> 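What follows is a single structure, and I will ask about it in a moment.
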Amino acid sequence: FIAPYSAKVAEEMSPVVGQTASYMASFRPESPLSNLLPDILLWASPKFGENPDFAVYNSGGIRAALPKGDVTVGDVLDVAPFDNKIYFLTLSGEKVMELFGQIAHRGGEGVSRGVALRITKDGRLLSASVGGKPVDKNRTYRIATLDYLAQGNDEMVAFKAKTDVVAPDSETNNVRFIIMDYFRDCAAQGLKVDSKVEGRIVVND
């Protein structure tokens, strides 16, 4: 009875969407996979007419690692099994500092390239910069994230102060499909996807 359905599921999960140059897992405070996923949100942003200052992806939403070599549809679904959609919002610099403080309290989350946080072992934020400059409390910042986080979940309550929301609601805007599109785009260019720990979140001794 189950066999025909198992075969159909295997058929849908097995297509290869791209390749990785290395095994990528997620862990705090910073990891290859928790760096890659917010970078993918930034990569996708221009398709929605957006140019965010940075992106945030919660480590708790990353439920598997990516293998080295071929990456299949099933691998991406394992990593991003939820129905999260990409979401754009604006926060004041003051609220961005609150957000980074909340990320520090959680021991780190996925932040995109250009964000640099220094935190303590007990979860305090020591310093924060975006694009090589300290966060300016007198300006606003455009952020790409997940709809789940934008509601203030995973203790990132600073997101509740969001303004200028853009929340694409099409099924294709599900983060898992955006990840697959990124892999396919890299594959079309003959590139293997790679990501490394590079000092985005540093824990002071």
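Excluded from the calculations below are hydrogen atoms, water molecules and symmetry mates; all remaining heavy atoms, backbone and side chain alike, are included. If you're wondering where the values come from, they're calculated on a predicted model, not measured in any experiment.
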> Apply salt bridge (charged side-chain N to carboxylate O under 4.0 Å, His left out) to the pair Asp78 and Arg63, showing each step before the final yes or no.
CA-CA 6 Å; Asp78 287 342; Arg63 292 308 178 98; over 6 Å; no
> Looking at Arg28 and Glu30, is there a salt bridge between them, counting it only when a charged N and a carboxylate O are closer than 4.0 Å?
no
> What distance separates Ile40 CD1 from Ile86 CD1, expressed to the nearest 0.5 Å?
10.5 Å
> Is there side-chain contact between Glu155 and Gln102, with heavy atoms separated by less than 4.5 Å?
no
> Determine whether Leu33 and Phe27 satisfy the following criterion, side chain to side chain contact (heavy atoms under 4.5 Å, CB included), listing intermediate values before the conclusion.
CA-CA 8 Å; Leu33 193 50; Phe27 46 83; over 6 Å; no
> Is any side-chain heavy atom of Trp43 closer than 4.5 Å to a side-chain heavy atom of Pro38?
no
> So which heavy atom on Ala158 is nearest to which on Leu99, and how close?
CB-N, 3.6 Å
> For residues Leu77 and Leu36: do they belong to one hydrophobic cluster (side chain heavy atoms under 4.5 Å, members Ile, Leu, Val, Met, Phe, Trp, Tyr)?
yes
> Look up atom SG in Cys186 and atom NZ in Lys192, then write down how far apart they are to the nearest 0.5 Å.
12.5 Å
> With the side chain counted from C-beta on, respond yes when Phe183 and Ile179 share a heavy-atom pair under 4.5 Å apart, and no when they do not.
yes
> Show the numbers, then the answer: is there a side-chain hydrogen bond (donor to acceptor under 3.5 Å, both in side chains) between Asp185 and Gln189?
CA-CA 7 Å; Asp185 184 73; Gln189 300 177 62; 2.8 Å; yes
> I'd like to know if Val76 and Phe177 are part of one continuous hydrophobic network [Ile/Leu/Val/Met/Phe/Trp/Tyr, side-chain heavy atoms within less than 4.5 Å].
yes
> So, for Pro81 and Gly61, which heavy atoms are closest and what is the spacing to 0.1 Å?
CD-O, 4.2 Å
> Measuring from atom CG of Leu125 to atom OG1 of Thr120, what distance do you get when rounded to the nearest 0.5 angstrom?
9.0 Å
> Would you say that more than 12 heavy atoms from the other residues, nucleotides or ligands in this model lie under 6.0 Å from the NZ of Lys137, or not?
no
> What are the two closest non-hydrogen atoms of Ile178 and Ala44, and how far apart are they?
CG2-CB, 3.5 Å
> Indicate yes or no: at least one non-hydrogen side-chain atom of Phe54 is less than 4.5 angstrom from one of Ile143.
yes
> When rounded to the nearest 0.5 angstrom, what is the spacing between CG in Leu149 and CE in Met156?
4.5 Å
> How far does CD of Glu50 sit from CG of Leu89, to the nearest 0.5 angstrom?
9.5 Å
> Given side chains that start at C-beta, do those of Tyr57 and Thr145 come closer than 4.5 Å, heavy atoms only?
no
> Please evaluate residues Ile103 and Phe100 with respect to the criterion side chain to side chain contact (heavy atoms under 4.5 Å, CB included), reporting the C-alpha separation (whole Å), side-chain torsions for both, the decisive distance (0.1 Å), and the verdict.
CA-CA 5 Å; Ile103 289 174; Phe100 288 156; 4.1 Å; yes
> Hey, any chance Val79 and Phe82 share a hydrophobic cluster, counting ILVMFWY side chains that come within less than 4.5 Å of each other, even indirectly?
no
> Other residues, nucleotides and ligands only: do more than 12 of their heavy atoms fall within 6.0 Å of CD on Glu98?
yes
> Hydrophobic clustering (ILVMFWY, side-chain heavy atoms < 4.5 Å, transitive) - are Leu91 and Val165 grouped together?
yes
> Begin with the C-alpha distance, continue with both residues' side-chain angles, and end with the deciding distance and a verdict on side chain to side chain contact (heavy atoms under 4.5 Å, CB included) for Val135 and Ser129.
CA-CA 5 Å; Val135 174; Ser129 64; 5.8 Å; no
> When Arg142 is tested against each of Asp53, Asn51, Thr90 for side chain to side chain donor-acceptor pair (under 3.5 Å), which residue passes?
Thr90
> Closest approach of Val193 and Met24, non-hydrogen atoms and distance?
O-CE, 3.9 Å
> Are Leu42 and Leu146 connected into the same hydrophobic cluster when the rule is that any two of I, L, V, M, F, W, Y join if their side-chain heavy atoms are below 4.5 Å apart?
no
> In plain terms, say whether Asp83 and Lys85 are close enough for a salt bridge, that is, a side-chain N and a carboxylate O under 4.0 Å apart.
no
> Under a 4.5 Å cut-off applied to non-hydrogen side-chain atoms, are Glu198 and Asn35 in contact?
yes
> With a distance cut-off below 6.0 Å to the six-membered ring centre and an angular limit of 45° from the axis, does Arg139 pair with Tyr141 as a cation-pi contact?
yes
> Determine whether a donor-acceptor pair (N or O, by modelled atom type, separation under 3.5 Å) exists between the side chain of Arg118 and the backbone of Asn204.
no
> Could you tell me whether the side chain of Ser195 and the main chain of Pro32 form a donor-acceptor pair under 3.5 Å?
yes
> What distance separates Lys95 NZ from Lys160 NZ, expressed to the nearest 0.5 Å?
11.0 Å
> Could you report the tightest heavy-atom contact between Ser112 and Ala55, atom names first, then the distance?
OG-N, 2.9 Å
> State whether the side chain of Thr20 and the backbone N or O of Pro67 hold a donor-acceptor pair below 3.5 Å, judged by distance alone.
yes
> If we ignore angles and hydrogens, is there a donor and acceptor under 3.5 Å between the side chains of Tyr148 and Asp154?
yes
> Let me see the working for Asp39 and Arg200 under salt bridge (charged side-chain N to carboxylate O under 4.0 Å, His left out), right down to the final yes or no.
CA-CA 12 Å; Asp39 285 351; Arg200 299 182 192 187; 2.8 Å; yes
> Find out whether Thr72 and Asp75 are in side-chain contact, i.e. whether some heavy atom of one side chain is under 4.5 Å from a heavy atom of the other.
yes
> So do Val71 and Gln19 actually touch side chain to side chain, heavy atoms under 4.5 Å?
no
> Do you know which two heavy atoms are closest between Gly110 and Ser59, and how far apart they sit?
N-OG, 3.9 Å
